[in-house]
Amino acid sequence: MIRIAAFVLALLVPAMAQAQLFPDPDSTTVNDFSDMIDDATEARLVETLTKLEADTGVELTVVTLSSVAFYAEDMTVEEYARALFDHWGVGKAATNDGILMMIFRDDRELWIELGLGYDNNWNYEAQGTVNTDILPHFRDGSYPAGIESGVDGLIRRIVTPFKAGADAPERSSGGTNAFAIMAAFLGIPIALVAGGFGFAAWRRRNQPCESCGQKGLHRHKEVLTKATRRSKGEGRLTLTCPHCGHIATSTYTIAAISSSNSSSSGGSFGGGSSGGGGAGGSW
């Protein structure tokens with residue numbers, strides 16, 4: 001009996017650990033876990049996205065987190081956004097037309113994930129939204145404006161024509177997929193390697209010391225206050241330079257954890273699935 005119990009526990013522990021990778025959603029509209037959006041902008045976004053769902057049935061949700069490394073060290077931003085999309089079940093199961101805009105503040109990266117109902121041609125419109133509507137604001141430090149502009153862009157470029165039964169527009173320079181550009185100019189093997197490892201992971205490994213400029217910093221994370229299902233936690237990141245001994249510390253917020261790993265765990269989300277398509281960028 002003890003052996004059987006141990007075997008069952010061994011099967012359950014990985015699933016339990018996986019479940020804690022994802023925060024519980026606060027709502028189906030705006031989940032600003034890293035406090036990037038001011039109250040006035042958030043109120044407008046909630047109103048816009050609530051009306052969008054009422055008018056079209058499309059669930060478009062905005063999520064901000066601090067860093068992907070604090071939740072899933074071995075995942076890229078794209079992989080985490082896709083996993084969270086499916087975990088929450090963004091969009092209606094019958095139509096799979098949900099959209100997730102995920103922003104990692106400290107990684108300075110974002111990813112827009114599209115539901116299974118959108119064919120691959122809509123990825124270029126998502127990339128156009130990232131390049132034209134979001135990143136210029138983010139590079140100026142105007143995060144609320146960039147998020148609001150991005151939501152408007154997604155509605156204008158994707159949701160409105162898609163719900164009207166239109167095909168994705170012809171590709172344009174503003175909507176060119178960054179991965180396609182990299183593959184064309186650097187070659188498919190290099191593009192695949194870069195995409196596989198992820199820009200965020202590469203940047204973490206090559207972050208220079210703020211004192212001597214050398215790379216190869218040692219990273220140590222510790223939890224100061226554990227997150228629960230009802231409250232956020234707090235952690236501390238320590239960077240130590242092996243070359244000059246410089247130590248830098250910073251704190252980060254840990255979103256409230258989820259106790260379920262089912263695709264329909266996201267409260268009133270409709271149980272939708274991601275289609276593996278989308279677009280991203282960094283600033």
Side-chain angles (χ1 to χ4, degrees), residues 25-68 77-78 80-81 84-85 90-91 97-115 118 121-164 166 168-179 181 199-200 274 277-283:
D26 291 334
S27 75
T28 59
T29 54
V30 179
N31 296 275
D32 185 25
F33 297 119
S34 62
D35 298 323
M36 297 180 70
I37 310 172
D38 62 89
D39 291 343
T41 302
E42 182 169 346
R44 289 195 302 271
L45 286 169
V46 169
E47 181 180 2
T48 297
L49 297 175
T50 300
K51 186 176 186 301
L52 178 71
E53 183 178 359
D55 292 345
T56 68
V58 172
E59 291 179 348
L60 196 167
T61 187
V62 175
V63 181
T64 73
L65 288 173
S66 50
S67 171
V68 68
V77 165
E78 176 183 350
Y80 185 86
L84 181 70
F85 188 110
V90 178
D97 52 11
I99 300 177
L100 166 68
M101 179 194 295
M102 169 153 275
I103 302 150
F104 289 95
R105 182 195 62 207
D106 298 341
D107 294 331
R108 301 176 70 85
E109 286 196 75
L110 70 101
W111 184 262
I112 294 173
E113 183 69 17
L114 302 181
Y118 300 96
N121 287 333
W122 291 104
N123 296 346
Y124 297 95
E125 294 308 304
Q127 191 66 59
T129 300
V130 171
N131 295 345
T132 304
D133 301 317
I134 302 176
L135 290 183
H137 292 288
F138 279 16
R139 287 166 181 157
D140 287 339
S142 302
Y143 297 123
I147 293 170
E148 194 166 21
S149 176
V151 166
D152 291 342
L154 288 172
I155 294 173
R156 182 182 70 255
R157 294 170 181 265
I158 298 178
V159 176
T160 299
F162 179 81
K163 297 305 290 187
E170 294 293 326
R171 299 176 188 178
S172 62
S173 58
T176 302
N177 189 294
F179 183 86
I181 294 177
F199 180 70
S274 68
S282 59
W283 66 94

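Count residues from 1 along the sequence. Heavy-atom basis, side chains included; hydrogens, waters and symmetry copies ignored.
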**Item:** For the student: nearest non-hydrogen atoms of T61 and V30, plus distance
**Value:** OG1-N, 4.5 Å

**Request:** Check L84, L110, D26 against V63 for a side-chain contact (heavy atoms from CB on, under 4.5 Å) and give me the one that passes.
**Result:** L84

**Heavy-atom pair with the smallest gap, counting every atom of G146 and I134** = O-CG1, 3.7 Å

**Request:** For the residue pair I155 and T48, establish whether any side-chain heavy-atom pair is separated by less than 4.5 Å.
**Result:** yes

**Item:** Reported CH2-to-OG1 distance for the pair W122 and T129, which is rounded to 0.5 angstrom
**Value:** 10.5 Å

**Request:** Look only at the side chain of S66 and the backbone of D106, and say whether a donor-acceptor pair between them is shorter than 3.5 Å.
**Result:** no

**Request:** To the nearest 0.5 angstrom, please state how far the CD1 atom of I147 sits from the CZ atom of R44.
**Result:** 12.0 Å

**Message:** Salt bridge check, D55 against K163: does any charged N sit closer than 4.0 Å to a carboxylate O?
**Reply:** no

**Asked** Are W111 and E113 linked by a side-chain donor-acceptor pair shorter than 3.5 Å?
**Response** yes

**Request:** Quick one: sort the F138 and Y143 rings into parallel, tilted or perpendicular, breaks at 30° and 60°.
**Result:** perpendicular

**Asked** Roughly how far, to the nearest 0.5 Å, is the NZ atom of K51 from the CG atom of L49?
**Response** 12.0 Å

**Request:** Can you see which heavy atom on G57 is nearest to which on D97, and at what distance?
**Result:** O-OD1, 4.2 Å

**Item:** Residues that Y80 engages under ring pair (Phe, Tyr, Trp, His ring centres under 6.0 Å), provided they are two or more places apart
**Value:** F22, F104

**Asked** What distance do L114 atom CG and F85 atom CZ have between them, rounded to the nearest 0.5 Å?
**Response** 7.5 Å

**Asked** Step by step, would you call I99 with V159 a side-chain contact (heavy atoms from CB on, under 4.5 Å)?
**Response** CA-CA 9 Å; I99 300 177; V159 176; 3.7 Å; yes

**Request:** With rounding to the nearest 0.5 Å, note down the distance linking CG in N31 to CD1 in I103.
**Result:** 11.5 Å

**Message:** Taking S282's backbone N and O only, do any of them form a donor-acceptor pair with R139's side chain (distance below 3.5 Å, no angle check)?
**Reply:** yes

**Fill in**
Correct closest heavy-atom pair for A126 and A279 would be C-CB, 3.7 Å

**Asked** From E47 CD over to T29 OG1, what is the distance, rounded to the nearest 0.5 angstrom?
**Response** 11.5 Å

**Item:** Sidechain-backbone polar pair: E109 side chain, G281 backbone, donor-acceptor under 3.5 Å
**Value:** no

**Polar side-chain atom of D140 near backbone of S142 as donor-acceptor pair, under 3.5 Å** = no

**Asked** Salt-bridged, R105 to D35, with N to O below 4.0 Å?
**Response** no

**Fill in**
Residues D133 and G153: closest non-hydrogen pair is OD2-CA, 3.5 Å

**Request:** Output, in order, the C-alpha distance, side-chain angles, deciding distance and verdict of side-chain hydrogen bond (donor to acceptor under 3.5 Å, both in side chains) for T64 and D32.
**Result:** CA-CA 5 Å; T64 73; D32 185 25; 2.6 Å; yes

**Prompt:** For the residue pair G150 and M101, what are the closest heavy atoms and their distance?
**Reply:** C-CE, 3.6 Å

